[in-house]
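Keep in mind it's a predicted model, so treat the numbers as computed, not measured. Start at 1 and go down the list; that is how both ligands and their atoms are numbered.
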Amino acid sequence: MIDFQHVNKRYAGGYEALTDITFSVERGELAFFTGHSGAGKSTLLKMIAAIERPTSGNIFVGQQNISALKRSAIPYLRRNLGLIFQEQRILLDRNVFANVMLPLQVMGADSRTAAARVRAALDKVGLLDKEKANPITLSGGEKQRLCIARAVVHRPTILIADEPTASLDTGYAREIMAVFESFHQVGVTVLIATHDRMLLDATRSRVFELTQGKLAA
Ligand code: ADP
Ligand code: ADP
């Protein structure tokens with residue numbers, strides 16, 4: 001499903017963030033990426049969505065080699081992906097429902113099916129009773145569940161989350177992990193970058209360890 005072959009990433013300025021990364025994740029697998037801050041976890045996940053591009057090597061998502069994907073093809077790649085990154089802001093000028101609706105509006109979805117999709121996504125993350133709430137009134141865990149609902153509302157086959165439990169208490173972190181597990185259980189491929197020991201200790205899934213841009217054997 002996701003296949004990295006000898007991938008290097010050197011940022012403008014010369015810093016080599018990733019060195020000779022080779023791994024694959026199967027369709028429907030849930031996998032973790034861990035390592036210290038600066039190890040390259042975000043860079044690696046961003047390359048799957050073509051937010052960052054590799055300097056060399058090949059990246060396959062599904063059957064497609066996305067290493068040299070044309071700019072115009074990137075939106076099609078992202079239709080298969082649900083992205084949960086720190087820099088994605090919740091919009092505070094509209095309610096929970098409208099925040100989750102936004103990606104479907106951007107894609108031009110028909111508004112009646114879109115509303116049903118939004119409710120289905122809110123239901124999956126346990127936020128249906130908060131659809132009219134302003135996001136500012138949500139707890140940390142609820143805000144993160146809103147971000148997950150927004151990321152899955154277009155029914156992606158791959159879900160990618162960067163430090164989804166950062167700044168959450170243990171109880172909330174467990175809830176968030178249960179949400180990811182539920183998507184994994186219906187066949188979604190889930191990739192999570194984390195240095196949360198609690199998550200890593202509790203999992204039976206594969207854990208890839210990055211150290212200064214290199215993947216441990
Ligand atoms: P992690 O997610 O494991 O904390 P990152 O992928 O964010 O690691 O960063 C890996 C390395 O690449 C760090 O040294 C970071 O400073 C550097 N880096 C990240 N983004 C950029 C960028 N846009 N330009 C230059 N260097 C970057
Ligand atoms: P449903 O609960 O609608 O029957 P399925 O079990 O048929 O869902 O899942 C099929 C695909 O739909 C999965 O690959 C997954 O990507 C996606 N999916 C399931 N539920 C949701 C949801 N609430 N939001 C987004 N995508 C979902």
- Under a strict 4.0 Å criterion on non-hydrogen atoms, which protein residues are in contact with ligand 1? Tyr11, Tyr15, Ala17, His36, Ser37, Gly38, Ala39, Gly40, Lys41, Ser42, Thr43
- Going by atom types alone, do Gln212 and His36 pair a side-chain donor with an acceptor below 3.5 Å? no
- Query: Are the side chain of His154 and the backbone N or O of Leu81 linked by a donor-acceptor pair below 3.5 Å?
  - Reply: yes
- Checking Arg145 side chain against Gly126 main chain: does a donor-acceptor pair fall under 3.5 Å? yes
- Message: Under 6.0 Å between ring centres: does that hold for Phe4 and Phe208?
- Response: no
- Donor-acceptor pair between Asn8 and Ser56 side chains, under 3.5 angstrom: yes
- Query: Checking Gln86 side chain against Asp162 main chain: does a donor-acceptor pair fall under 3.5 Å?
  - Reply: yes
